[in-house]
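Read through the structure below, which is laid out as structure tokens, and then see the notes.
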Number of protein chains: 2
Amino acid sequence: MHLGQISQLRSFNRAITRRIGALGNRFVGRDRPMAESRMLYEIGQQGQEVRRLRQRMALDSGYASRLLRALEHQGLITVAPLPEDRRARFASLTDAGRRELAETDRAADDAVADILAPLDPGRRARLTGVLAEAERLIEASAVTFETVAPTSREVAACLEHYYDELDRHFATGFIPPPSVAEEIAGLTPPSGWILLARLYDEPVGCGTLTAQADFGEIKRVWIAERLRGLGLSRRLLAELENVACVAGFSRLRLDTNESLAEAQALYRSSGYHEIARFNDNPYAHHWFEKRLT
Amino acid sequence: MHLGQISQLRSFNRAITRRIGALGNRFVGRDRPMAESRMLYEIGQQGQEVRRLRQRMALDSGYASRLLRALEHQGLITVAPLPEDRRARFASLTDAGRRELAETDRAADDAVADILAPLDPGRRARLTGVLAEAERLIEASAVTFETVAPTSREVAACLEHYYDELDRHFATGFIPPPSVAEEIAGLTPPSGWILLARLYDEPVGCGTLTAQADFGEIKRVWIAERLRGLGLSRRLLAELENVACVAGFSRLRLDTNESLAEAQALYRSSGYHEIARFNDNPYAHHWFEKRLT
DNA sequence: AATAATACCTGACTACAGTCAGATAAATGC
DNA sequence: GCATTTATCTGACTGTAGTCAGGTATTATT
């Protein structure tokens with residue numbers, strides 16, 4: 001990696017830290033401890049489960065409890081047991097809490113407006129433009145890949161998006177065969193693997209590897225639309241190949257629909273070459289294979 | 001201002017905060033309080049005056065003193081009186097302190113490298129590229145303008161750069177006339193004003209306004225090279241016009257050398273029109289005037 | 001039905017961040 | 001020469017952040 005790139009990123013970090021405010025200044029300034037402000041922010045207008053709050057803020061349960069008690073005492077939130085699991089609790093903003101959050105939000109808007117104000121409209125637009133692009137790249141670099149069990153709710157959510165999208169794109173539409181649920185359920189080593197892409201806690205992509213007679217078959221490669229064009233499909237594919245390699249496969253195969261031109265380009269540029277039909281997938285028009293070294 | 005721009009910047013801030021590490025995480029992780037780490041960083045390889053450290057970190061003198069004692073006690077720094085003012089003290093790193101700072105630095109490099117690593121080389125270059133541009137724009141937006149006294153050392157530093165640059169650019173070279181020091185010294189209201197541009201504490205530009213018989217004369221408009229192309233000269237000029245307006249001038253005049261094409265373009269696009277020679281400046285080739293409303 | 005795990009709470013604690021009220025020594029202004 | 005200012009230090013203090021060791025109520029597991 002180029003050393004200049006590292007120092008550039010560090011330099012940028014210094015600049016924005018200095019300008020936007022040393023720490024998470026977006027949470028201070030309403031004469032309330034930062035942790036309380038952040039808690040209010042994380043609870044949000046719709047409220048949130050306490051365990052999710054603890055998880056997202058990485059808090060000790062005792063500390064979290066005390067923060068919630070303090071906000072409750074200030075009349076900003078209410079906390080009630082969840083109906084479906086009365087051990088767990090759900091925190092919601094009161095009207096006063098809503099007002100407080102809106103006020104904090106307005107203050108943050110003002111702080112940001114003060115940063116943009118000195119720039120002329122052209123440079124203002126340019127700054128927001130490059131930051132939008134930088135944000136996407138930074139998010140892309142934060143995406144991680146992990147093999148998960150077929151029972152994962154996150155995978156189910158991804159696959160739902162995936163099938164939905166196929167239905168919209170395929171000229172013939174797409175109806176998942178009834179066998180799909182069973183097929184997914186069988187994707188556990190050594191007969192199958194499911195790879196999940198996550199951006200922080202959010203599932204943003206998936207892909208599966210199925211053990212066939214004498215090759216591995218890659219299917220259901222999907223990346224969330226808002227993260228496309230960032231090279232994540234290629235990384236996901238590479239991760240799947242890595243899983244296949246470790247599992248001892250020497251050949252990988254996959255198929256694709258004629259409507260998915262980008263997917264075909266990805267496979268070709270990743271070392272896959274087109275072969276004859278090897279399965280009876282009625283939605284497939286092209287079949288590919290790659291030998292692993 | 002466009003509301004989308006504000007939310008874009010806030011969104012970016014969340015993204016980078018999340019990725020780079022909530023607070024100035026570049027200072028933690030060496031199991032040492034953040035304030036001590038930051039102090040080490042601010043002292044730097046060349047050392048620093050204690051009063052400057054206090055100023056830059058905005059610390060209570062008692063707190064600063066304690067931090068320095070702690071670092072001294074750990075054998076990381078030494079603090080000695082300044083020879084020229086034995087009230088003030090100067091903090092320097094010991095060899096151990098130097099090693100510690102280098103180690104912290106390396107850790108920060110590693111953290112940043114981890115962020116860039118998942119991206120392919122093209123996107124990595126693109127990210128650092130857009131962040132470099134964003135950094136310049138953010139710095140530009142942080143520049144402030146202030147009228148200062150002619151005795152200011154900051155102004156002297158700017159003017160030195162300015163004259164140096166004229167000497168390099170003018171076909172004939174440039175030698176400041178002997179009267180210059182006296183002229184600068186006279187720039188106090190109501191006969192003159194000096195405007196200084198600052199980026200945080202650093203002087204990055206200047207401009208002067210001199211009261212003449214029946215007009216105000218703008219001279220010595222200069223912006224540091226590293227901040228050019230960011231619209232700062234235009235802002236500086238506008239600020240000078242503002243000063244002139246408040247002071248009651250109805251006309252402004254200025255001159256410029258033929259070699260300074262950008263300056264001429266700036267003046268024309270800022271409402272100045274070319275007039276006949278109005279002074280005997282031997283280095284001037286163009287003379288401009290603008291009527292203030 | 002007994003056991004374990006989960007979600008949360010309380011009390012006691014440590015460490016860090018930051019402030020305030022003086023005190024001292026050196027330099028500056030008159 | 002004396003008062004004032006500047007730069008720093010010390011002691012005493014408050015509030016926030018965060019941890020740890022238990023405890024209770026509810027749900028899941030066997």
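- Side-chain contact check for B:Glu135 and A:Gln8: at least one donor-acceptor pair (N or O, by modelled atom type) lies under 3.5 Å.
- Under the 4.0 Å criterion applied to side-chain N and carboxylate O atoms, A:Arg52 and A:Glu42 are not assigned as salt-bridge partners.
- Taking atom CZ of B:Arg86 as the reference point, atom P of D:dC9 lies 14 Å away to the nearest angstrom.
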Between N or O atoms, less than 3.5 Å apart, protein on one side and nucleotides 5-8 of chain D on the other: list the pairs.
from	atom 1	to	atom 2	distance (Å)
D:dT6	O4'	B:Arg87	NH1	3.2
D:dT6	O2	B:Arg87	NH1	3.3
D:dA7	OP1	B:Arg51	NH1	2.8
D:dT8	OP1	B:Arg51	N	3.4
D:dT8	OP1	B:Arg89	N	3.1
D:dT8	OP2	B:Arg51	N	3.3
D:dT8	OP2	B:Arg54	NH1	2.8

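- Legend: residues meeting side chain to side chain donor-acceptor pair (under 3.5 Å) with A:Asp105, ordered by chain and number and at least two apart, are B:Arg10.
- In this structure, the side chain of A:Thr208 does not engage the main chain of A:Ile194 through any donor-acceptor pair within 3.5 Å.
- A:Ser11 places no side-chain N or O within 3.5 Å of a backbone atom of A:Ser7 that could act as its donor or acceptor partner.
- Atom CD of A:Gln48 is separated from atom P of C:dC8 by 11 Å (rounded to the nearest Å).
- Distance, A:His73 NE2 to C:dT10 P: 12 Å, rounded to whole Å.
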Mind listing the side-chain donor-acceptor pairs of residues 186-193 of chain B below 3.5 Å, one per line with the distance, residues two or more places apart or on another chain?
from	atom 1	to	atom 2	distance (Å)
B:Ser191	OG	B:Gly186	O	3.1
B:Ser191	OG	B:Thr188	O	3.1

Detail all sub-3.5 Å separations between protein N/O atoms and N/O atoms belonging to nucleotides 11-18 of chain C.
from	atom 1	to	atom 2	distance (Å)
C:dG11	N7	A:Arg66	NH1	3.1
C:dG11	O6	A:Arg66	NH2	2.8
C:dA12	N6	A:Arg66	NH2	3.4
C:dA17	OP1	B:Ala35	N	3.3

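- In this structure B:Glu160 satisfies the salt bridge (Lys or Arg N to Asp or Glu O under 4.0 Å) test with no other residue, sequence neighbours excluded.
- Looking at residues two or more places apart in sequence or on another chain, you find a salt bridge (Lys or Arg N to Asp or Glu O under 4.0 Å) between A:Arg226 and A:Glu139, A:Glu202.
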